[in-house]
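Structure record follows, encoded as structure tokens.
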Amino acid sequence: MRALVITEPGTAIFIEKENPSPAKGEVLLRICCVGYCGTDLNTFRGLNPLVRYPRIPCHELGAIIEKKGLDVPDEFQPGMEVTLSPYTHCGICPACRQGRFNCCRDNRTLGAQRDGGLTEYLTVPWQQLYRSPKLSLRELTLVEPLSVGFHSVQRGRVTSQDTVTVLGCGAIGLGVIAGAAF
């Protein structure tokens, strides 16, 4: 399978890799759509201090389940369209106990501390998957960045009485606008 690898700041190449196989509790995803966000761009530019090279970028994706490993619940089946949470978390540190999984002391974000989805296939734990029969693969790709915008509105405790200024209307900015409008 092919994957795009950022080998060092300013240099990206396509490589051939072996197709992954799902382990127990994992699914094999065929990547169909990706979003290339500011994190990925900063990785390419060498401005992301959390990244070691070489790195396959991308954590915004829409995918189809190709195969599932043992112990994956029946609610997840091959052919199903999904997106995922890009974070890993321990579940026991103070951040995890507060539901702030992206701040986990052991977090390894897809595309930053571990190889991401700018590849043909990827294996992930089933617990990271989200599905919606109402959303297309392209729309599933937008779930992660839009949710970051919604989350910032929630953390900012924005109310209908507030005026909100958004600088930048990428997917996160659009999520802020949508979240503030509700």
Side-chain angles (χ1 to χ4, degrees), residues 1-6 14-41 43 55-91 95-96 99-104 106-154 170-179 182:
M1 75 171 179
R2 289 173 42 128
L4 182 105
V5 178
I6 301 172
F14 280 102
I15 64 166
E16 288 292 329
K17 289 183 63 166
E18 223 176 278
N19 283 0
S21 294
K24 182 177 179 180
E26 291 184 336
V27 296
L28 174 67
L29 300 177
R30 179 170 44 92
I31 308 302
C32 299
C33 295
V34 298
Y36 198 80
C37 79
T39 301
D40 302 318
L41 181 58
T43 297
R55 180 64 62 219
I56 299 171
C58 187
H59 59 269
E60 301 171 2
L61 54 88
I64 296 175
I65 298 173
E66 285 286 308
K67 187 176 179 183
K68 57 189 223 174
L70 296 174
D71 295 336
V72 174
D74 287 338
E75 69 185 274
F76 296 103
Q77 292 294 326
M80 185 176 290
E81 297 178 351
V82 296
T83 191
L84 56 78
S85 170
Y87 309 113
T88 60
H89 58 277
C90 70
C96 285
R100 299 183 64 208
F101 304 119
N102 64 315
C103 298
C104 174
D106 296 322
N107 176 42
R108 294 180 57 235
T109 301
L110 197 66
Q113 294 90 8
R114 62 188 170 119
D115 282 339
L118 207 47
T119 185
E120 293 181 84
Y121 295 94
L122 180 68
T123 56
V124 297
W126 69 266
Q127 295 92 336
Q128 290 181 258
L129 299 180
Y130 294 94
R131 62 190 182 99
S132 171
K134 295 181 179 182
L135 299 179
S136 70
L137 285 166
R138 286 184 180 180
E139 292 165 333
L140 286 166
T141 303
L142 292 170
V143 167
E144 193 275 340
L146 290 172
S147 67
V148 171
F150 271 82
H151 180 70
S152 67
V153 169
Q154 182 184 35
I172 294 173
L174 292 172
V176 170
I177 292 168
F182 283 104

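Atoms considered below: every heavy atom in the structure, side chains included; atoms not considered: hydrogens, waters and symmetry mates. Throughout, residue positions are numbered sequentially from 1 according to the sequence presented.
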- Between Thr109 and Thr39, is a side-chain contact (heavy atoms from CB on, under 4.5 Å) present by the stated rule, with each step listed? CA-CA 11 Å; Thr109 301; Thr39 301; over 6 Å; no

- Do the side chain of Asp106 and the main chain of His89 share a donor and acceptor less than 3.5 angstrom apart? no

- Query: In Å and rounded to the nearest 0.5 Å, what is the CG to OH distance from Leu41 to Tyr36?
  - Reply: 6.0 Å

- Query: Ala171 and Leu146: which non-hydrogen atoms are nearest, and at how many Å?
  - Reply: O-CD2, 3.2 Å

- Task: Might you confirm whether atom CD of Glu75 has over 12 heavy atoms from other residues, nucleotides or ligands at distances under 6.0 Å?
- Result: yes

- Query: Okay, side chain of Thr119, backbone of Arg2: is any donor-acceptor separation there less than 3.5 Å?
  - Reply: yes

- Query: So do the side chains of Ile56 and Leu122 get within less than 4.5 Å of each other, counting heavy atoms only?
  - Reply: no

- Start with the C-alpha distance between Glu144 and Tyr87, add both sets of side-chain angles, then the distance that settles side-chain contact (heavy atoms from CB on, under 4.5 Å), and finish with yes or no. CA-CA 11 Å; Glu144 193 275 340; Tyr87 309 113; 3.9 Å; yes

- Just how far is it from atom CD of Gln127 to atom OG of Ser85, taken to the nearest 0.5 Å? 11.5 Å

- Message: Is it the case that over 12 heavy atoms from other parts of the model lie below 6.0 angstrom from the CZ atom of Arg138?
- Response: no

- Is it true that a side-chain atom of Thr83 and a backbone atom of Tyr130 form a donor plus acceptor pair closer than 3.5 Å? no

- Item | Pair Lys68-Asp74, salt bridge (Lys or Arg N to Asp or Glu O under 4.0 Å): steps then yes or no | CA-CA 10 Å; Lys68 57 189 223 174; Asp74 287 338; 3.7 Å; yes

- Roughly how far, to the nearest 0.5 Å, is CD of Glu81 from SG of Cys32? 7.0 Å

- Quick one: CG on Asn19 to CE on Met1, what's the gap to the nearest 0.5 Å? 6.0 Å

- Message: Set out, in order, the CA-CA distance, both residues' side-chain angles and the distance that settles side-chain contact (heavy atoms from CB on, under 4.5 Å) for Leu118 and Asp40, then state yes or no.
- Response: CA-CA 10 Å; Leu118 207 47; Asp40 302 318; over 6 Å; no

- Message: I'd like to check Leu140 versus Cys33 (side-chain heavy atoms, cut-off strictly below 4.5 Å). Are they in contact?
- Response: no

- Message: Can a donor-acceptor pair be found, under 3.5 Å and without considering hydrogens, that links the side chain of Thr141 to the backbone of Gly35?
- Response: no

- So, does Arg55 use its side chain to make a donor-acceptor pair with the main chain of Gly111 at under 3.5 Å? no

- Work out which heavy atom in Gln128 is nearest to a heavy atom in Pro125; give both atom names and the distance. OE1-CD, 2.8 Å

- Closest heavy-atom pair and its distance - Glu66, Pro78: O-CB, 3.7 Å

- Task: Can you measure from CG (Leu84) to CD (Glu60) and round to the nearest 0.5 angstrom?
- Result: 11.0 Å

- Query: Is there a donor-acceptor contact under 3.5 Å from the side chain of Asp71 to the main chain of Gly25?
  - Reply: no

- What's the shortest heavy-atom distance between Val34 and Cys58, and which atoms? CB-SG, 3.4 Å

- What's the verdict on side-chain contact (heavy atoms from CB on, under 4.5 Å) for Thr88 and Arg114, showing C-alpha distance, side-chain angles and the deciding distance? CA-CA 10 Å; Thr88 60; Arg114 62 188 170 119; 3.5 Å; yes

